[in-house]
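Below: one structure, written as structure tokens.
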Amino acid sequence: MTNLFQAPKGVPEYFPPDSAAFLAVRDALAKPACNAGYGYIELPTFEDTNLFVRGVGESTDVVSKEMYTFDDRGGRSISLRPEGTAGVMRAVIEHGLDRGQLPVKLWYAGPFFRAERPQQGRYRQFHQVGVEAVGIDDPALDAEVISLADEAYRSLGLTGYTLMLTSLGCAVCRPPYREMLQTFLGRLSLDEETSRRAALNPLRVLDDKRPEVQEQLAEAPLQVDHLCSECRQHYDAVRTHLAALGVRWQEAPRLVRGLDYYTRTTFEFQHPGLGSQSGIGGGGRYDGLMAQLGGQDLGGIGFGLGTDRTYLACRAEGLSVGRPERCDVFLVPLGDAAKTRIVALGGLLRVAGVRTDIAYGDRGLKGAMKAADRSGARYAVIVGDRDLESGVAQLKRLNTGEQSEVLLTGLVDVLKERLA
RNA sequence: GUGGGUGUAGCUCAGCUGGUAGAGCACCGGGUUGUGGUCCCGGGUGUCGCGGGUUCAAGCCCCGUCACUCACCCCA
């Protein structure tokens with residue numbers, strides 16, 4: 001019970017049989033993007049700390065107190081990536097991916113890290129599948145990105161989620177709105193910490209969960225009511241395209257996201273089945289980010305979908321996703337000579353595309369047959385020294401129990417045929 | 001960082017007003033020296049998180065500590 005080692009705090013682990021569902025979720029989240037012209041990008045899990053400071057924003061919680069930061073042996077400050085977009089933008093700029101035809105469409109998957117207090121659905125290492133579409137600010141592209149996420153969730157069978165959608169404005173209309181909100185918040189009676197937040201990041205106050213705060217916010221000005229005409233047009237077009245795509249959403253004028261770079265279209269998919277963590281995926285447009293990181297002034301839009309949280313949402317809905325790996329055939333040797341022959345046979349079968357497992361160790365025929373049964377294989381092949389003398393194997397169909405003798409030399413072909 | 005809850009077998013958990021640890025599942029062996037799933041028989045696989053205290057006696061009471069967990073905060 002008292003183990004010498006345990007997994008680091010807040011890190012989820014997946015092992016059979018449940019790991020099959022995790023893999024299936026990850027694949028399902030990526031598939032719509034793969035089918036829409038997005039190419040895979042593999043990136044480092046750690047980057048120059050400054051990339052996140054400049055990209056995500058110094059004042060965000062993610063950067064100011066949730067990054068795993070350390071100095072490498074050359075004295076450079078390194079951070080485990082807390083999100084994916086900044087790294088993708090860095091790679092796009094560094095490798096000139098934005099010098100060709102636009103948009104650049106990329107997808108990625110992998111682990112991310114935030115040093116938060118863990119709780120249900122919130123981990124220190126979590127997985128995301130993300131996409132980024134860079135270089136074109138066509139609202140139809142915004143709609144595509146959102147619909148890819150929606151399609152991914154739907155393909156898993158999820159029905160209990162809601163798409164929350166809003167526009168956060170741009171460099172033209174956000175600053176005046178922000179000032180307006182700040183003035184409004186300044187007249188309220190808020191506790192010290194909330195007041196500090198109102199000064200630093202007023203938008204963040206809007207989604208305060210406490211009823212006494214929400215009451216005071218009833219009359220708060222909203223960004224969607226104060227968009228410039230370009231942002232207004234863009235947002236209207238996004239909604240038109242989304243409707244055409246058959247995506248359903250809910251207007252969420254108080255939607256707040258934790259990263260500074262979001263502009264215009266912003267969205268979050270929420271699901272009620274994961275305790276107090278409701279977001280299973282989210283994203284938005286980030287029109288100033290690339291320039292901020294030293295690249296061309298190109299906009300982009302993307303999302304990050306939480307693999308762990310989507311997995312939890314599937315469980316909450318009672319969906320069975322994915323199947324554990326199974327073999328077709330289970331080989332059972334009896335005796336040393338038979339063992340040698342079986343091992344060789346196993347190799348031949350696998351090369352021939354037949355999923356094959358073997359009874360290892362020496363647990364006797366009974367134990368081996370038990371293992372064959374548990375493996376879920378459709379056929380067991382038993383070869384004893386007695387069979388070897390006459391060049392045959394016993395081929396047993398496990399679900400019916402019927403057994404026949406087959407020539408060893410023709411076994412691979414017989415099995416391929418029966419399994420076809 | 002701040003609260004609450006929980007730590008007993010591989011897993012899920014029971015264990016009364018303190019009396020020296022149990023169930024189901026899983027696992028292993030046998031019934032069947034060449035045949036699984038069902039059935040029958042057998043096996044407990046444990047530093048009761050850790051350390052201290054009270055007591056004739058602590059899984060149970062007290063103190064401390066660690067871990068896990070849920071929530072606040074924040075977010076995928």
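Each chain gets a letter, A, B and so on, in the order the sequences are listed, and its residues count up from 1. What you are looking at is a predicted structure, and each value in this text was computed from that prediction instead of being measured.
- For residues 347-368 of chain A, every residue pair satisfying the salt bridge (charged side-chain N to carboxylate O under 4.0 Å, His left out) rule, not counting sequence neighbours, is listed here: A/Asp328-A/Arg355.
- Expressed to the nearest 0.5 Å, how far CG of A/Leu289 lies from OG1 of A/Thr263 amounts to 9.0 Å.
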Q | Secondary structure of RNA chain B in dot-bracket form (Watson-Crick or G-U wobble, distances below 3.5 Å, | marking inter-strand pairs) | A | (((((((..((((.....[..))))((((((.......))))).)...(((((..]....))))))))))))....
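- Taking a 6.0 Å sphere around NZ of A/Lys339, one finds it holds more than 12 heavy atoms contributed by other residues, nucleotides or ligands.
- Comparing A/Pro118 and A/Glu268 by the nucleotide of RNA chain B whose heavy atom lies nearest to each, the residue mapping closer to the 5' end is A/Pro118.
- Within 4.0 Å (heavy atoms only), A/Gly121 reaches at least one base atom of the nucleic acid.
- Nucleotides B/C70 and B/G30 are separated by 47 Å at their C1' atoms, to the nearest Å.
- Comparing B/C74, B/G34, B/C68 against the side chain of A/Leu365 picks out B/G34 as the nearest.
- Among the atoms of the strands shown, only primed sugar atoms or phosphate atoms (P, OP1, OP2) are found under 4.0 Å from some heavy atom of A/Lys9.
- In this structure, A/Ile280 reaches the sugar-phosphate backbone alone: every heavy-atom distance under 4.0 Å involves primed, P, OP1 or OP2 atoms, never a base.
- Computed from coordinates, the A/Ile382 CD1 to B/U32 C1' distance equals 14 Å when rounded to whole Å.
- Each of A/Asp385 and A/Phe126 has a nearest nucleotide on RNA chain B; the 5'-most of these lies closest to A/Asp385.
- Using cut-offs of 30° and 60° for the angle between ring planes, the A/Phe22 and A/Tyr14 rings count as parallel.
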N/O-N/O pairs, protein side and nucleotides 26-31 of chain B side, under 3.5 Å:
{"unit_1": "B/C27", "atom_1": "OP1", "unit_2": "A/Arg374", "atom_2": "NH1", "d": "2.5"}
{"unit_1": "B/C27", "atom_1": "OP2", "unit_2": "A/Arg374", "atom_2": "NH1", "d": "3.4"}
{"unit_1": "B/C28", "atom_1": "OP1", "unit_2": "A/Arg363", "atom_2": "NH1", "d": "2.9"}

